[in-house]
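Working notes, beginning with the structure itself.
All figures in this text were calculated on a predicted structure; none of them were measured in a lab. Numbered from 1 within each chain, the chains take letters A, B, ... in sequence-line order.
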Amino acid sequence: MSTSTGGWHADEDLLSRYVRGDAGPVAAASLEQHLLRCASCRDRIAAHVPVPLLDAAWERVRDEAVAGRPRRLERLLVRLGVPAPDALLVATAPSLRTSWLVGLVVTLVFVGLGAAYGGDRGLTFFLLVAPLVPVAGVAFAYGPDADPSHEAALATPYPATRLLLLRTAAVLAASLPPVLLAALLVPALSWTAVAWLLPALSLTAALLAASTWVRPTVTAAALGAGWTAAVTSASRAADPTAVLAPALLVAYAVLGCLALLVLALRSRSLTTLGSPS
Amino acid sequence: MRAGPADEDAALLAALADGDLAAMRRLYERHAPWLSARLLRRCNDPDVVADVLQDSFLALWRGAERWRGDGEVAAWLWGIAVRRLVSRLRGRRAAVVLPLEEEADPGTAPSAEEVALLGVEYGDLGSALLRLSPEMRAVVQATVLDGLSTRQAARLLGIPAATVKTRLHRAKAHLRRELAGGLA
């Protein structure tokens with residue numbers, strides 16, 4: 001129904017005459033009916049419309065829309081040096097509220113379990129879950145499985161990658177501190193309380209890079225399975241902290257850097273996460 | 001899995017209802033340009049048009065206008081915008097212009113080819129509309145094409161509601177005659 005325009009589209013000349021008010025009554029009225037049904041002509045008319053009017057109206061819409069809302073997160077971000085419009089987009093994304101919640105619930109559950117088991121089993125459990133918390137958070141924050149607005153998130157005026165990284169940073173900021181806190185509460189961890197951050201970050205980077213090809217939830221599941229296998233086999237072999245051996249830490253760092261490089265190179269194809277154009 | 005434009009609009013509205021400002025930004029980018037162009041043809045004051053855009057999108061944001069999920073999002077948005085225009089123009093008649101410009105001069109009149117192409121949308125109605133006086137066309141546009149009530153059209157055009165009714169009646173009779181009689 002929405003595309004039955006008979007193959008006809010307004011040409012640039014008609015669009016510009018219409019906006020100037022020179023199109024003539026029949027052409028104008030006809031074009032107006034056509035615009036209601038044709039997204040491509042609606043998009044093309046934008047080039048002929050005065051931008052200052054649109055920008056001025058948008059700024060007032062935005063300011064009014066956010067007036068009176070809780071803006072603590074946004075103010076905090078601005079204080080940390082995030083540009084105000086970016087802070088606003090991060091703070092107003094409902095998917096981030098979900099990732100907060102997921103991060104916190106998961107953390108509380110495994111802290112409880114870790115404390116209950118204690119010793120090596122608690123350690124294995126911690127190493128199993130901790131690095132996957134940010135991965136899960138990011139996977140939940142993006143993509144078709146998480147949020148019906150993913151097209152919206154990726155079609156904002158910002159480059160998609162910029163928004164992606166901004167929201168990833170927000171997820172990390174939301175999910176890492178509680179896990180770090182939990183780590184300090186598990187005595188068997190000692191220095192590994194911090195070392196797990198490296199695989200966590202490189203797994204997250206790998207997730208972002210792979211998301212330019214496949215759905216983030218699929219990637220997250222694969223990464224989760226891989227990590228689980230590694231920790232379990234290390235734990236069977238005797239020492240679960242083997243996954244944090246110095247040589248492996250270097251490998252994580254290299255992997256993470258490579259993933260970020262891939263993301264940078266592929267960022268142009270990131271129009272829709274998990275379904276590249 | 002790529003969504004069509006209509007699905008995308010619906011998804012954006014759902015996200016907007018959820019409080020996603022980025023979704024509203026995207027919806028604004030998709031629809032504010034053509035809405036403003038169409039509004040500017042009904043009101044020549046850009047400040048009023050900016051106010052109307054603001055009113056319309058804030059009404060969406062605050063949930064005053066709720067999408068029921070059927071029909072075209074664009075047509076629904078125009079319905080909101082044109083009603084906001086009418087309420088903004090209450091008591092500001094100086095800002096109103098006659099919605100359809102004066103008789104187009106030959107240089108800008110639609111070519112035969114253009115009329116034929118636009119016939120996809122309109123059929124013979126287009127030529128018949130051209131033969132209406134500007135006053136009658138304005139009334140037809142406000143009521144039939146923009147979907148306003150008689151009272152709203154009267155407010156938009158700055159004329160009494162009774163005049164809108166009379167002109168609409170005459171315009172319809174004229175169009176019926178033209179369409180029934182066939183076109184030269």
Side-chain angles (χ1 to χ4, degrees), chain A residues 1-3 5-8 14 17-19 21-37 39-43 45-50 53-54 56-58 60-62 64-66 88-89 92-95 144 147-149 151-153 155-157 163 272 274-275, chain B residues 1-6 8-9 11-12 14-16 18-34 36-38 40-41 46 49-51 53-54 57-58 61-62 72 74-75 78 100-101 104 108-110 114-115 117-118 120-122 126-127 129-130 134 137 141 145:
Chain A
M1 114 214 123
S2 62
T3 51
T5 58
W8 183 85
L14 175 61
R17 279 190 290 130
Y18 171 75
V19 172
D22 289 343
V26 173
S30 238
L31 177 61
E32 285 175 356
Q33 298 306 303
H34 176 74
L35 285 176
L36 292 180
R37 289 190 283 138
S40 95
C41 287
R42 287 201 295 266
D43 284 346
I45 204 172
H48 301 276
V49 174
L53 185 154
L54 294 174
W58 168 252
R60 283 186 282 148
V61 168
R62 186 196 57 204
E64 287 255 335
V66 298
L88 193 57
L89 283 181
T92 55
S95 55
D147 182 359
S149 73
E151 296 260 8
T156 44
L163 193 65
T272 301
S275 55
Chain B
M1 64 174 282
R2 195 164 266 290
E8 192 176 340
D9 279 339
L12 286 170
L16 183 151
D18 225 9
D20 191 333
L21 191 67
M24 181 157 77
R25 172 68 181 153
R26 180 62 185 147
L27 206 64
Y28 186 88
E29 286 188 342
R30 287 165 66 86
H31 293 284
W34 73 270
S36 72
R38 193 165 170 179
L40 278 168
R41 291 178 61 90
V49 169
D51 287 344
L53 283 179
Q54 183 188 350
F57 280 85
L58 279 175
W61 179 253
R62 291 182 177 142
E72 285 286 339
W78 171 249
L100 291 171
E101 64 264 18
T108 57
E114 204 166 72
V115 169
L117 284 171
L118 293 169
V120 170
E121 307 288 325
Y122 259 58
S127 321
L129 265 179
L130 256 185
R137 269 207 311 267
Q141 179 173 42
L145 303 182

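- Put simply, the side chain of B:Trp61 does not reach to within 4.5 Å of the side chain of A:Arg62, judged on heavy atoms.
- When side chains are defined from C-beta on, A:Tyr18 counts as touching A:Ile45, because their heavy atoms get closer than 4.5 Å.
- Chosen from B:Trp34, B:Tyr28, B:Phe57, the residue pairing most often with chain A at heavy-atom distances under 4.5 Å is B:Tyr28.
- Considering only residues two or more places apart in sequence or on other chains, B:Ala75 meets the side-chain contact (heavy atoms from CB on, under 4.5 Å) condition with A:Leu36, B:Glu72.
- Ranked by non-hydrogen atom pairs under 4.5 Å with chain B, the options A:Ala46, A:Ala47, A:Ala57 are led by A:Ala57.
- Partners of A:Arg60 by side-chain contact (heavy atoms from CB on, under 4.5 Å), not counting sequence neighbours, listed by chain and number: B:Ala50, B:Asp51, B:Gln54.
- With a 4.5 Å cut-off on non-hydrogen atoms, A:Val61 touches chain B through its backbone and its side chain both.
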